[in-house]
Engineer: 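Attaching a single structure in structure tokens format; questions to follow.
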Amino acid sequence: MAVFVTRRIPAEGLRLLSQASGCRVQQWDSDEPVPRAELLAGVAGTRGLLCLLSDRIDREVLDAAGPGLKVISTLSVGFDHLALDEIKKRGIRVGYTPDVLTDATAELSVALLLSACRRLPEAAEQVKSGGWTTWKPLWMCGYGLSDSTVGIIGLGRIGQAVARRLKPFGVSKFLYTGNSPKPESAAEFGAEFVPLTRLAEESDFVVVTCALTPATQGLCNKDFFGRMKKTSVFVNTSRGAVVNQEDLYEALAQGRIAAAGLDVTTPEPLPTDHPLLSLRNCVILPHIGSATYATRSTMAVLAAKNLLAGLRGEPMPHELQL
Ligand code: NDP
Ligand code: DGY
């Protein structure tokens with residue numbers, strides 16, 4: 001059974017595949033993304049594909065793979081890079097990595113929120129540049145979480161884990177949006193299900209933790225930012241495309257919202273001359289939500305187990321229901 005792995009992944013995951021009987025592993029053994037031509041050549045004739053969120057798995061890739069491709073395992077919980085309709089049509093099974101990265105991503109979301117609202121990168125820069133001349137009562141002030149209202153767009157696994165971590169900071173109210181209310185999950189935080197417009201208007205902090213879908217693409221746009229308070233902070237750790245970045249830039253540059261923290265952007269990497277990077281009130285990280293050694297290792301093992309189970313026709317530890 002030929003398998004193509006599109007990147008260098010944590011050794012524990014690759015070892016499982018290499019040691020599996022009957023499994024012949026070919027790998028793009030680099031930290032950099034596989035060039036499209038190499039991906040198309042690499043998948044030809046394979047039965048299994050282990051891919052990353054940066055690989056666009058569309059009809060062209062599936063055609064290049066041929067009818068023998070039976071399983072795709074992505075090293076991610078997000079699956080917006082997979083052409084699911086086409087994959088389903090061809091009877092290919094898909095594995096993904098929910099749960100194991102929830103804690104790491106929620107932790108990073110909180111770190112990013114605090115970095116943005118308390119202006120940590122800006123303040124640290126002042127120390128290095130000599131801008132720190134003395135203790136000043138009105139200098140480097142930001143916004144805190146005590147008695148605040150936090151709005152969560154997408155109260156899923158990561159959204160709930162973020163709320164769980166923020167609650168002890170003294171948040172007084174949680175709001176959330178989604179396709180439908182989740183009374184059982186929301187009860188833990190006393191969170192109220194509200195329309196997106198109300199979430200924008202009432203939240204002091206907005207945290208985006210939803211999946212990227214046609215419905216969430218560009219969800220946070222000019223209208224959304226226009227409804228937010230001037231003192232509010234926006235954080236996105238889901239996918240860059242949920243945000244209209246031109247509208248976010250305008251809102252930040254004109255002081256219509258206080259600050260933003262982004263772990264995800266469009267495109268990735270964000271060009272170093274992108275206007276968002278010129279703003280002092282925007283903290284941007286390079287998509288490191290799940291980047292702890294332990295989490296990435298566990299993700300690789302789970303992705304390998306999903307792939308092997310799929311190849312053997314067994315139930316996967318985490319299979320996406322298509
Ligand atoms: P879940 O499936 O548990 O949660 C996704 C949430 O999105 C659900 O609560 C769902 O609500 C919500 N959602 C779907 N459509 C909408 C909508 N139109 N408006 C508002 N909410 C909506 O996934 P996870 O929590 O595990 O992961 C969420 C996403 O986080 C991933 O898809 C991925 O893109 C991103 N991610 C980013 C990481 C990073 O490194 N920055 C790391 C890991 C994940 P409902 O149930 O009502 O449909
Ligand atoms: C995911 O899993 O979807 C993240 O973006 C990376 O861990």
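Whatever order the structure lists them in is the order used to number ligands and atoms, beginning at 1. For reference, positions follow the sequence shown, starting with 1.
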Engineer: Among all protein heavy atoms, pick out the one at the shortest distance from atom 2 (O) of ligand 2; state its residue, atom name and that distance to 0.1 Å.
Structural biologist: Val77 N, 2.8 Å
Engineer: Tell me the nearest of Glu268, His81, Arg296, His287 to atom 4 (C) of ligand 2, using heavy-atom distances.
Structural biologist: His287
Engineer: For ligand 2, which atoms have a heavy atom of Gly78 less than 4.0 angstrom away?
Structural biologist: 1 (C), 2 (O), 3 (O)
Engineer: Please say whether Ser76 places an N or O atom under 3.5 Å from an N or O atom belonging to ligand 2.
Structural biologist: no
Engineer: So which protein heavy atom does atom 6 (C) of ligand 2 come closest to, and at what separation?
Structural biologist: Leu53 CD2, 3.5 Å
Engineer: Name the residue from Lys88, Met316, Lys70 that meets the side chain to side chain contact (heavy atoms under 4.5 Å, CB included) definition with Arg93.
Structural biologist: Met316
Engineer: Do side-chain atoms of Thr102 reach the backbone of Arg157 as a donor and acceptor pair under 3.5 angstrom?
Structural biologist: no
Engineer: Does an N or O from Met299, backbone or side chain, lie closer than 3.5 Å to an N or O of ligand 2?
Structural biologist: no
Engineer: Test your reading of the model: is there a side-chain donor-acceptor pair from Thr292 to the backbone of Thr295, 3.5 Å cut-off?
Structural biologist: yes
Engineer: Decide, yes or no, whether a salt bridge links Asp204 with Lys230 under the criterion of side-chain N to carboxylate O below 4.0 Å.
Structural biologist: no
Engineer: Can any side-chain N or O of Ser148 pair as donor or acceptor with the backbone N or O of Val150 at less than 3.5 Å?
Structural biologist: no
Engineer: Is there a donor-acceptor pair closer than 3.5 Å between any side-chain N or O of Ser115 and the backbone N or O of Leu120?
Structural biologist: no
Engineer: Once you round to the nearest 0.5 Å, how far does OG of Ser73 lie from CG of Leu302?
Structural biologist: 7.0 Å
Engineer: Examine the proximity of ligand 2 to Leu101 and report which part, side chain or backbone, both or neither, has a heavy atom under 4.0 Å away.
Structural biologist: side chain
Engineer: Can you tell me if Asn221 uses its side chain to pair, donor with acceptor, with the backbone of Asn244 under 3.5 Å?
Structural biologist: no
Engineer: Donor-acceptor pair, distance only, cut-off 3.5 Å: does the side chain of Ser232 make one with the backbone of Ser203?
Structural biologist: yes
Engineer: Using atom types as modelled and distance alone, determine if a side-chain donor or acceptor of Lys136 lies under 3.5 Å from a backbone N or O of Thr133.
Structural biologist: no
Engineer: Should the proximity of Leu75 to ligand 2, defined as any heavy atom under 4.0 Å, be assigned to the side chain, the backbone, both, or neither?
Structural biologist: neither
Engineer: What do you reckon, does Ser290 have a nitrogen or oxygen under 3.5 Å from a nitrogen or oxygen of ligand 2?
Structural biologist: yes
Engineer: Ligand 1: which protein N/O atoms lie under 3.5 Å from its N/O atoms?
Structural biologist:
from	atom 1	to	atom 2	distance (Å)
ligand 1	2 (O)	Arg157	NH2	3.4
ligand 1	3 (O)	Arg157	N	2.9
ligand 1	3 (O)	Arg157	NE	3.3
ligand 1	7 (O)	Ala211	N	3.2
ligand 1	9 (O)	Gly156	N	3.0
ligand 1	15 (N)	Asn179	ND2	3.2
ligand 1	23 (O)	Arg157	NH2	3.3
ligand 1	25 (O)	Arg157	N	3.3
ligand 1	25 (O)	Ile158	N	2.9
ligand 1	26 (O)	Arg157	NE	2.9
ligand 1	26 (O)	Arg157	NH2	3.3
ligand 1	34 (O)	Arg239	NH1	3.2
ligand 1	40 (O)	His287	NE2	3.4
ligand 1	40 (O)	Gly289	N	3.2
ligand 1	41 (N)	Thr237	O	3.0
ligand 1	41 (N)	Asp263	OD2	2.8
ligand 1	46 (O)	Lys182	NZ	2.5
ligand 1	47 (O)	Asn179	N	2.8
ligand 1	47 (O)	Ser180	N	3.4
ligand 1	47 (O)	Lys182	NZ	3.1
ligand 1	48 (O)	Asn179	ND2	2.7

